[in-house]
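All values reported here derive from a predicted model rather than from experimental measurement. We count residues from 1, following the sequence as given. Just so you know, ligand 1 is whichever comes first in the structure, and atom 1 is the first atom listed for that ligand.
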Amino acid sequence: MSSLTESPAWIALRKHAAQLAEGNISDLFGADAQRPQRFSAEAAGIYLDYSKQQADEQALKLLLVLAEQQNLSGWIGRMFAGEAINQTENRAAFHVALRAPRDAAMRIGGRDVGPQVHGVLDRVCAFAEQVRSGNWLGASGCAITDVVNIGIGGSDLGPRMVCRALTGHADGPRVHFVANVDGAQLTAVLHGLEPATTLFIVTSKMFTTLETMANAGAARRWLVAALGEGAVGRHFVAVSTSSKEVAKFGIDAANMFEFWDWVGGRYSLWSAVGLSIAVAIGAARFRELLAGAHAMDAHFRSAPLEKNLPVLLGLLAVWNRNCLGARFGARSQVVAPYAQDLEFFVPWLQQLEMESNGKSIDRQGQAVDYATTPALWGDVGTNGQHAFFQMLHQGPAIHPVDFILPLRAAHALEEQQRMLIANCLAQSAALMLGKTPQQVRTELQGKGLEGETLEAALPHRVFSGNRPSNTLLLPQLDPHHLGALLALYEHRTFVQSVIWNINAFDQWGVELGKQLAQSVLAAMAGDAGVSLDPSTRTLLARSGQ
Ligand code: F6P
């Protein structure tokens with residue numbers, strides 16, 4: 001048994017959860033007329049309603065005791081102090097420094113990184129404005145109309161999601177994203193682009209990532225074939241931590257935008273990795289995005305734990321996963337943004353959550369004896385309602401849902417926005433309330449059904465209900481509120497990792513596949529010395545390589 005599962009707070013929580021699981025979420029409203037007010041909190045313009053969770057005052061109290069036991073406040077302090085909380089790589093996880101105001105001292109080991117952060121941010125903003133205004137000219141003297149970000153994982157998902165989410169604010173050159181090593185993606189993006197008016201941003205923390213280097217190499221050949229070798233300097237810029245690798249690729253240091261090893265890939269959109277965002281929406285709005293994230297950082301750092309949005313979200317996730325989990329039988333967490341513009345939010349969150357907390361070894365190197373991150377998935381509403389919501393309502397396992405709802409639309413179709421809001425609110429209510437056999441019976445009788453026909457129809461129309469959700473309301477999807485929302489989820493991920501006693505900031509789990517891909521490539525190239533398992537060798541033989 002680990003010290004976590006043996007701890008008094010953990011045991012008390014599990015015991016309380018077992019008692020609470022006997023009742024219904026809706027009964028908790030009967031016991032507390034003020035529940036919607038008391039089970040809600042607000043920060044940086046984001047309103048969190050968690051009254052539809054199967055949790056009462058005592059559950060929250062015990063969760064806060066658990067947070068204290070795991071020294072959550074201490075860990076938050078360590079993160080903001082720039083300590084090396086990413087212990088397996090001996091690094092700080094200091095993405096909060098990327099969105100701190102210019103006058104804030106953000107120290108790592110006594111050294112203020114603020115000046116370098118703002119130095120690069122200023123360069124990013126200035127360059128983005130040069131491209132947007134048409135002052136940055138391609139080799140043939142043409143202004144840039146299309147920007148292609150080449151990167152993968154955190155060097156793709158964050159900027160891709162933000163650019164899509166803020167489409168309504170985009171007034172710069174068109175921005176495209178290429179991540180997959182599958183050449184189909186690059187081919188599709190390049191189709192219809194003019195080399196003379198295209199700028200490539202090669203984004204990679206290490207600048208050795210297989211997919212990114214393959215795509216960047218192919219893009220370079222496409223450009224050189226049209227404009228010659230001398231054009232590379234006007235059509236390629238790099239975002240990386242490694243000036244050495246960038247130089248090896250042939251991009252001039254003057255065209256490189258730096259970030260640092262204390263910025264994790266999945267936490268990097270706030271750094272120079274956000275260059276494509278700044279090009280799309282402009283420097284001022286990019287800074288608003290950072291300011292929104294900073295507002296959430298300030299709240300996370302200083303608000304009391306019981307009113308702290310990321311803390312509440314993180315603790316409720318632990319409650320659902322580890323305490324009520326036995327009843328749920330659930331292995332997953334669903335996220336349903338009710339905003340088409342957030343269509344890439346879930347893939348971004350999947351990397352954030354599952355690359356951070358998909359671990360089974362604790363900070364002391366011991367195997368954990370409790371569940372860590374659930375599989376996270378979802379899609380935008382209302383599309384998801386016509387796909388997987390059937391399972392959410394009537395499937396045997398319970399999957400907690402986070403509903404995210406920006407209230408004001410960026411478009412003029414107001415009636416449809418009302419329908420969107422109504423659907424979002426209706427889904428969380430339906431998940432909680434369900435429909436009893438008696439209600440179904442009355443409904444069917446009202447439709448004239450009776451006897452065997454009624455009895456046969458009835459069970460299929462019953463909803464057990466009692467399925468928990470959070471609802472997050474944003475006034476609108478603008479740079480400030482989007483920044484705050486993303487920072488909220490970043491910190492929620494960290495809160496869970498603290499409770500689970502795991503390091504959220506490394507990702508050793510992706511290394512083995514990368515290594516084996518090199519072996520398979522070597523075997524394809526005819527290296528007979530490569531050792532492959534029989535299944536893989538057979539598949540390779542069948543692949544015709
Ligand atoms: O998939 C592993 C990973 O290291 C991610 O953490 C990272 O976001 C991605 O690869 C891309 O890495 P890089 O930015 O170094 O190309």
Side-chain angles (χ1 to χ4, degrees), residues 85-95 98 120 124 148-163 177-182 185-186 200-220 236-251 256-277 344-359 372-373 375-376 486 489-490 493-494 497 502-518:
I85 57 174
N86 176 358
Q87 69 189 63
T88 63
E89 296 178 302
N90 193 27
R91 290 174 186 165
F94 211 26
H95 38 285
L98 300 169
V120 173
V124 162
V148 182
N149 183 81
I150 298 179
I152 196 163
S155 297
D156 167 75
L157 292 165
R160 180 195 292 266
M161 176 265 299
V162 172
C163 285
F177 291 87
V178 173
N180 202 330
V181 77
D182 181 348
Q185 195 178 26
L186 180 66
F200 294 95
I201 306 175
V202 185
T203 306
S204 174
K205 185 172 172 181
M206 308 308 291
F207 231 75
T208 52
T209 305
L210 174 107
E211 294 90 336
T212 303
M213 291 305 107
N215 280 320
R220 193 182 203 280
F236 274 84
V237 299
V239 176
S240 185
T241 58
S242 173
S243 46
K244 201 172 107 222
E245 294 296 334
V246 169
K248 255 202 242 169
F249 182 83
I251 295 180
M256 171 179 160
F257 299 89
E258 189 192 8
F259 65 116
W260 307 275
D261 69 356
W262 44 263
V263 182
R266 52 196 174 275
Y267 301 88
S268 66
L269 71 90
W270 321 99
S271 71
V273 171
L275 176 57
S276 51
I277 304 172
F344 297 145
F345 182 78
V346 171
W348 168 78
L349 190 54
Q350 284 177 323
Q351 188 202 13
L352 174 66
E353 181 57 38
M354 294 195 276
E355 196 166 88
S356 296
N357 288 340
K359 319 244 164 97
T372 57
T373 198
L376 190 147
L486 305 185
Y489 273 93
E490 285 181 349
T493 297
F494 178 53
S497 76
I502 55 179
N503 176 10
F505 302 109
D506 60 12
Q507 58 282 320
W508 299 107
V510 296
E511 293 306 319
L512 179 58
K514 288 185 192 171
Q515 271 170 16
L516 289 185
Q518 293 303 338

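The side chain of K514, and not its backbone, has at least one atom closer than 4.0 Å to an atom of ligand 1 (non-hydrogen atoms only; side chain from C-beta on).
Counting all heavy atoms, side chain and backbone alike, N215 lies closest to N180 at ND2-O, 2.9 Å.
In the model, D261 has no side-chain atom that pairs as donor or acceptor with a side-chain atom of T241 under 3.5 Å. Using modelled atom types and a 3.5 Å distance limit, the side chains of E353 and T373 yield a donor-acceptor pair.
Residue, atom and distance of the protein heavy atom nearest to atom 9 (C) of ligand 1 are I152 O, 3.7 Å. Ranking protein heavy atoms by distance to atom 15 (O) of ligand 1, first place goes to M206 N, 2.9 Å. Among protein heavy atoms, the minimum distance from atom 2 (C) of ligand 1 is reached at V510 CG2, 3.4 Å. In terms of protein heavy atoms, atom 12 (O) of ligand 1 is closest to T209 OG1, 3.7 Å. For atom 5 (C) of ligand 1, the closest heavy atom belonging to the protein is E355 OE1, 3.4 Å.
A side-chain donor-acceptor contact under 3.5 Å links K205 to the backbone of V263. A donor-acceptor contact shorter than 3.5 Å is absent between the side chain of D156 and the backbone of F177.
Among Q351, Q350, H95, E355, the one residue that satisfies the side-chain hydrogen bond (donor to acceptor under 3.5 Å, both in side chains) test with R266 is E355.
In terms of polar-atom proximity, T203 is not counted as a contact of ligand 1, lacking any N or O under 3.5 Å from an N or O of the ligand. In terms of polar-atom proximity, defined here as any N/O pair under 3.5 Å, Q351 does make such a contact with ligand 1.
Interatomic distance, F257 CZ to S271 OG, rounded to the nearest 0.5 Å: 12.0 Å.
Each of the following atoms of ligand 1 lies closer than 4.0 Å to a heavy atom of G153: 8 (O). Using a 4.0 Å cut-off to heavy atoms of G154, the atoms of ligand 1 that qualify are 7 (C), 8 (O).
The closest approach between a heavy atom of E211 and any atom of ligand 1 is not below 4.0 Å.
With ring centers used as reference points, F494 lies under 6.0 Å from F505.
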